[in-house]
There are 4 protein chains.
Amino acid sequence: MSLADSRPGQAGPARGRPRSEAVERSIIEGVMKLLEDGVPLADISIERVARTAGVGKATIYRRWSGKEELFVDVLRATEPPDPQLPGISMRDDLIALLEPLRRRGLASRSSVILHNVYAQMKSSPKVWAAYHATVIAPRRRTTFEVLRRGQRDGELRQDVDIELLNDLFMGPMLVRAVLRPDAELPEDLAAQIVDRVLEGLRPDQP
Amino acid sequence: MSLADSRPGQAGPARGRPRSEAVERSIIEGVMKLLEDGVPLADISIERVARTAGVGKATIYRRWSGKEELFVDVLRATEPPDPQLPGISMRDDLIALLEPLRRRGLASRSSVILHNVYAQMKSSPKVWAAYHATVIAPRRRTTFEVLRRGQRDGELRQDVDIELLNDLFMGPMLVRAVLRPDAELPEDLAAQIVDRVLEGLRPDQP
Amino acid sequence: MSLADSRPGQAGPARGRPRSEAVERSIIEGVMKLLEDGVPLADISIERVARTAGVGKATIYRRWSGKEELFVDVLRATEPPDPQLPGISMRDDLIALLEPLRRRGLASRSSVILHNVYAQMKSSPKVWAAYHATVIAPRRRTTFEVLRRGQRDGELRQDVDIELLNDLFMGPMLVRAVLRPDAELPEDLAAQIVDRVLEGLRPDQP
Amino acid sequence: MSLADSRPGQAGPARGRPRSEAVERSIIEGVMKLLEDGVPLADISIERVARTAGVGKATIYRRWSGKEELFVDVLRATEPPDPQLPGISMRDDLIALLEPLRRRGLASRSSVILHNVYAQMKSSPKVWAAYHATVIAPRRRTTFEVLRRGQRDGELRQDVDIELLNDLFMGPMLVRAVLRPDAELPEDLAAQIVDRVLEGLRPDQP
DNA sequence: GCCTAACCGAGACGGTACGTCACGTCTTTTA
DNA sequence: TAAAAGACGTGACGTACCGTCTCGGTTAGGC
């Protein structure tokens, strides 16, 4: 699951001293602490992480191949768990999918981590791909399923472009996260977005 | 206008040898060349920019206080000029506002620069603020004006949240730029977005 | 002994990887090679020493705090070993003390190093003090002892100023090294000096 | 006389604005001021000299080809005037020749300049040659003449090596200046040296 | 009383070296 | 064998000077 399992290829039972999971946690916690303390991402070096976590540099490199790989796991650790979909109506499911994004925009911890690490990660295609595949894509797929179910159940017109619709839902959240990080996020923002987009898309409309 | 004007405080007539504009251009061109050549942003050091542009390091630091400030000006240099609004209908104006974003997503030059520098820049609040103030905010204001004019002219319902509407227009473009940089951008994407959002928002509708 | 031992303060057993003595030697050898090759002292930068020795700059700065400190150790490495005093007569001991100075004036290797580094070093009081304490002063003390022994043994008048005598012995060697580096140094120069100075100082003379 | 006359080769009468002698003086004074203020020689850059003297860099380079050439003129400016020789006895003339050296060792201004610049200069053979030719050699020649006159007038034995004798006179002064800059210089030091060396060299002695 | 060449101050310019820091790898000791 | 420690070669950082080169502005003759 985590990226931190790059033990050199071998099958047999682990030999020698086993890796300490506590060490692994303390490294990730160390990075988070630094980010929360307002240390700019660019100032977070492997060397500093090692000092903060009270760990040798080699111990970090044994687990991750570089800063970016480490940050992917840090970002994952802040990822809210996949939301439980009520499954009653399409509208409520869509809101349930959007709500965690809004909530994360509020939490200072997640927020500061997101805004920094996220941006950083993007400059490394490989790392971005890993994050996209395990975090972004699954959510996209879930949204697609919800929308298709809505079409099947008569809650959504058949002729709309599912992809564009998805982007219309996610867009405002992203705009606020990326372009206007200080924007206020009203409690019913997810509902506002969903209702505004769905307006005029009900099957009984022209 | 540019960030590259940090001459030490004084008012009188310029003393000493004036700064060469040609040098300024060749530095920015140098960064662009590196980005186009596929050099990862993280590998673009001031030292390398200086070598590429055939320029001393001090000449760069004389103009920009660091890598990020330089990149703001690079990003600005790729910014498409403010679009000419037809001014006939709100719909056409909105499309005219969105179209350059789509087009930039296509152009390899702008694209590669955007996708990297943009992300990088975000980690520096000060730099981001500068970019936001001179590039993002003005566009936002223009969109607001267009939408308000639409309400005045009866093209748009009075009760809609202008801010949310703006985010719905920009959102899909941003989603594709940030989350799915490889997405295809159909020629009529701007029109699709505008029409989809405006559907059901005409004043004569419920 | 050497100046290159500035490990950060601690007493316990050395932790971490120990410093390589081979590296230390190759740095000093590198400087000597440059000097022998006729590179002017002013053109010998730490950066160049590092390149020549195939060593990182930090590896040099880990051992010496700057160019001057490094040069002290280089100078020390060229220092001829303390001469063995015959111990038979004062005259022969004095000649034995002077002879290495003459010889060094001849050797091209030592000479070129001496003439440059020596001068350079003097501009840093701290560094000069270190060199004086470990190289110059001990020799001075030895000469004093020899002269006092001479007085005790009746080879030298009791009323002469030991200090001035010492300077009279060393002076001509220094004049030739500092003011006339191209002067010829006849084989019996040491004997000439000693005899000339001692003339008229034997106790049985007025 | 000074090194500061390197006007580009031309024969005719000076055209254009003539160089300001005041500027020349203020540059040399500036260097002296820095040295007296205890600024280490290595920290005295042309740029700093220019700032101190309130002068453009080019104005300095127009006169001297580099730091060392400038320092030669600074050193010359501190040189005590050639001593007046009494011309009565060889002994008194020799003392008169040595006395200025002792006196300079005492003066803080000359001393600090000497001890630094002198050392520095030696690393540039060309510059050293210039200084040697105009300052050191003439003095040496004068001493030779005095000694030869002494031989002619029966004050000195015929068989002594004039050159070695000269070095024996100068040596102690140099030893104290170069090796023991803090040494005390008794008022009668010159006489002590001369008398000690001449002892036993009078023609009526064996 | 102009003209013009060289001066002057200031400071930009392409460079090089500074001393520091982080990179990712490599020893070393200890557990 | 893992772990902490820290040395290692590499190379970027941002600063300071190098010696050269424009700038606008002065300051002398020579006409």
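Excluded from the calculations below are hydrogen atoms, water molecules and symmetry mates; all remaining heavy atoms, backbone and side chain alike, are included. Chain A is the first sequence line, chain B the second, and so forth, proteins listed ahead of strands; every chain is numbered from 1.
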Side chain of [X], base of [N]: donor and acceptor closer than 3.5 Å?
X       : N      : value
D:Arg17 : E:dC7  : yes
D:Arg19 : E:dC7  : no
B:Lys57 : F:dG14 : yes

Nearest nucleotide by nearest heavy atom, which residue falls closer to the 5' end of DNA chain F, D:Ser45 or C:Ser20? C:Ser20
Using heavy-atom distances to pick each residue's nearest nucleotide on DNA chain F, tell me which of A:Val55 and A:Glu47 is more 5'. A:Val55
Heavy atoms, side chains only, cut-off 4.5 Å: are [X] and [Y] in contact?
X       : Y       : value
B:Asp73 : B:Arg63 : no
A:Glu24 : A:Trp64 : yes
D:Ile44 : D:Lys67 : no
C:Arg48 : C:Thr52 : yes

Select from B:Glu21 and C:Ile44 the residue whose nearest nucleotide in DNA chain E is closer to the 5' end of that strand. B:Glu21
Would you mind telling me which residue lines up with the more 5' stretch of DNA chain E, D:Ala58 or A:Arg48, judged by nearest nucleotide? D:Ala58
Short side-chain N/O contact to [N] OP1/OP2 from [X], under 4.0 Å:
X       : N      : answer
A:Arg62 : F:dA3  : yes
C:Arg15 : F:dA5  : yes
C:Arg63 : F:dC8  : yes
B:Thr59 : E:dA12 : no

Spacing between [X] atom [atom1] and [N] atom [atom2], to the nearest angstrom:
X       : N      : atom1 : atom2 : answer
C:Glu68 : E:dC18 : CD    : P     : 12 Å
C:Ile46 : F:dG11 : CD1   : P     : 19 Å
B:Ile27 : E:dG14 : CD1   : P     : 7 Å
C:Tyr61 : F:dG6  : OH    : P     : 22 Å
D:Ile60 : F:dT20 : CD1   : C1'   : 14 Å
B:Lys67 : F:dG14 : NZ    : P     : 8 Å
B:Asp43 : F:dC13 : CG    : P     : 11 Å

Using a heavy-atom cut-off of under 4.0 Å over every strand shown, decide if B:Gly54 touches base, sugar-phosphate, or nothing. sugar-phosphate
Ignoring hydrogens and geometry, is there a side-chain-to-backbone donor-acceptor pair from D:Thr59 to D:Val55 under 3.5 Å? no
